[in-house]
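One structure is given here, and the rest of the page talks about it.
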2 protein chains.
Amino acid sequence: MLRNSKACRSNCPINFVLETFGDKWTLLIVRDLMFHNKRTFLEFMESDEKISSNILTERLRRLEDHGIVEKNTSPNNRSSFIYTLTSKGADLLPVMLEVTAWSAKHDSSTNTPDGFLDAFNSDRDGVISSFRSVINTDRK
Amino acid sequence: MLRNSKACRSNCPINFVLETFGDKWTLLIVRDLMFHNKRTFLEFMESDEKISSNILTERLRRLEDHGIVEKNTSPNNRSSFIYTLTSKGADLLPVMLEVTAWSAKHDSSTNTPDGFLDAFNSDRDGVISSFRSVINTDRK
DNA sequence: CTGTATCCTTAGGGATACTG
DNA sequence: CAGTATCCCTAAGGATACAG
């Protein structure tokens with residue numbers, strides 16, 4: 001459910017992702033959920049890029065509004081919150097891996113795991129499915 | 001050659017693309033070059049999202065700085081400029097198609113060509129290569 | 001036509017303090 | 001711990017005019 005829906009600039013599918021991910025922070029949260037097994041506010045705060053707390057609060061809420069992230073109270077600790085990707089969020093995996101491959105190809109200074117690019121180029125589907133199996137998704 | 005290089009926030013490949021594409025406009029220019037055969041300033045101005053001229057000027061320059069777009073004077077008209085994707089820019093095609101597929105799957109209001117999603121899911125490589133062959137790239 | 005320049009408004013974001 | 005609230009500054013962006 002959308003808390004506040006903005007007018008779309010167009011119905012282009014590229015524009016559609018920009019309405020959600022067209023900023024410098026949102027995709028980093030998805031990355032942390034997807035590849036770094038992060039799931040709490042503090043864990044997101046600790047990432048290298050040093051997001052500030054007010055921005056993090058707002059971006060998490062927007063991701064929740066867009067159905068990409070789900071927020072639940074931790075079963076054992078009631079004042080702790082756990083963020084997980086929904087299946088819609090997990091569906092971003094191919095996008096994320098293509099982005100990673102592009103960066104790895106065109107910027108040698110990016111920290112991509114050794115052999116990723118070769119593995120991805122030779123067995124893309126295999127790499128995707130092996131990642132998919134370990135993603136932190138909500139399973140009810 | 002970079003006109004002004006900013007400090008990177010991290011060496012993460014996801015962050016790397018955000019340094020270039022982490023805004024609401026840049027990717028739309030790539031989309032126009034890649035899928036709509038646009039190549040002049042005016043053509044970019046005419047897109048549905050209504051970018052303003054000062055933003056367009058700055059984004060084109062940044063894309064040129066990052067080696068994603070090339071700017072050349074038109075051979076027949078000396079005061080006219082033609083923008084084309086470099087091979088680095090054209091390498092974004094798989095990313096763009098994955099983004100399109102994600103949007104098409106999760107937002108029914110996006111204007112995606114009929115049958116794209118099915119074609120892409122069943123013959124991804126075929127779809128990519130057929131797109132690749134018609135992309136407006138600089139070939140010298 | 002292809003931009004630049006300027007002015008102005010709004011959104012993004014950093015720092016910090018504070019609450020349940 | 002998990003945020004919210006506030007203050008303040010800068011960056012992003014819209015409108016418009018203008019230059020080569």
Side-chain angles (χ1 to χ4, degrees), chain A residues 3-10 15 18-30 32-33 37-66 69-84 136, chain B residues 3-10 15 18-29 32-33 37-66 69-84:
Chain A
R3 253 163 271 226
N4 46 358
S5 58
K6 276 190 188 174
C8 287
R9 298 183 296 179
S10 75
N15 182 62
L18 291 175
E19 310 272 6
T20 305
F21 298 103
D23 73 283
K24 300 242 184 266
W25 298 106
T26 306
L27 211 60
L28 298 179
I29 300 174
V30 173
D32 286 344
L33 285 161
N37 274 316
K38 303 196 175 191
R39 37 177 79 209
T40 69
F41 195 88
L42 191 61
E43 286 170 342
F44 300 129
M45 288 291 291
E46 287 166 344
S47 292
D48 288 348
E49 295 86 4
K50 301 301 165 202
I51 192 171
S52 60
S53 62
N54 55 343
I55 304 297
L56 179 56
T57 297
E58 201 236 338
R59 293 299 139 74
L60 283 171
R61 194 152 69 90
R62 276 175 42 183
L63 285 169
E64 209 191 337
D65 288 346
H66 284 93
V69 155
E70 204 172 73
K71 177 184 184 175
N72 289 108
T73 55
S74 171
N76 35 13
N77 180 354
R78 208 128 59 86
S79 69
S80 182
F81 292 96
I82 300 293
Y83 297 89
T84 46
N136 156 33
Chain B
R3 254 163 270 226
N4 46 357
S5 58
K6 277 192 186 173
C8 288
R9 298 184 295 179
S10 76
N15 181 63
L18 291 175
E19 308 273 5
T20 305
F21 297 103
D23 74 282
K24 299 240 183 271
W25 297 105
T26 307
L27 211 60
L28 297 178
I29 300 173
D32 286 345
L33 285 160
N37 274 318
K38 302 197 174 190
R39 36 177 78 210
T40 69
F41 195 88
L42 190 61
E43 285 170 344
F44 300 129
M45 288 290 291
E46 285 165 345
S47 292
D48 288 346
E49 295 86 4
K50 300 302 167 203
I51 192 170
S52 60
S53 62
N54 54 345
I55 304 296
L56 179 56
T57 298
E58 201 236 339
R59 292 299 155 24
L60 283 171
R61 195 151 68 89
R62 276 175 40 183
L63 285 170
E64 208 190 338
D65 288 346
H66 285 92
V69 155
E70 203 172 74
K71 178 183 184 177
N72 290 109
T73 56
S74 171
N76 34 14
N77 180 355
R78 208 128 59 88
S79 69
S80 182
F81 294 96
I82 299 294
Y83 297 89
T84 46

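Please read all numbers here as calculations on a predicted model, not as lab measurements. These numbers come from the heavy atoms of this one structure, side chains and all, not from hydrogens, waters or symmetry mates.
One atom, CG of D23(A), and another, P of dG12(C), lie 8 Å apart when rounded to the nearest Å. Atom-to-atom, CZ of R59(B) to P of dA11(D) comes out at 13 Å; the value is rounded to the nearest Å. Atom P of nucleotide dT16(C) and atom CE of M45(A) are separated by 13 Å, given to the nearest angstrom. One can place CD1 of I51(B) at 11 Å from C1' of dA12(D), the figure rounded to the nearest angstrom. Whole-Å rounding puts the L63(A) CG to dG3(D) P distance at 13 Å. Between L56(A) atom CG and dC1(D) atom P the separation is 14 Å, expressed in whole Å. Per the geometry, CG belonging to L27(A) stands 16 Å off P belonging to dG12(C), to the nearest Å. Look at CZ on R39(A): it is 13 Å from P on dA2(D), rounded to the nearest Å.
Of the possible donor and acceptor atoms, none in the side chain of E46(B) sits under 3.5 Å from a partner among the backbone N and O of F41(B). When atom types are taken as modelled, the side chain of N15(A) and the backbone of L18(A) share no donor-acceptor pair closer than 3.5 angstrom. Counting only distance, with no hydrogens or angles, the side chain of R39(B) and the backbone of D32(B) share no donor-acceptor pair below 3.5 Å.
Considering CG of L63(A) and NE2 of H66(A), their distance stands at 8.5 Å, rounded to 0.5 Å.
Considering all non-hydrogen atoms of both residues, R9(B) and K24(A) come closest at NH2-O, 2.8 Å.
Taking 4.0 angstrom as the limit, W25(B) places none of its side-chain polar atoms (N or O) nearer than this to OP1 or OP2 of dA12(D).
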Produce the list of close N/O pairs, under 3.5 Å, pairing protein atoms with atoms of nucleotides 2-7 of chain C; give distances to one decimal.
unit_1, atom_1, unit_2, atom_2, d
dT2(C), OP1, S80(B), OG, 3.2
dG3(C), OP1, K71(B), NZ, 2.8
dG3(C), OP1, Y83(B), OH, 3.1
dG3(C), OP2, Y83(B), OH, 2.7
dT4(C), OP2, T57(B), OG1, 3.3
dT4(C), O4, S53(B), OG, 3.0

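L28(B) places none of its side-chain heavy atoms less than 4.5 Å from the side chain of R59(B).
Note on K50(A): nothing from the nucleic acid sits closer than 4.0 angstrom, heavy atoms only.
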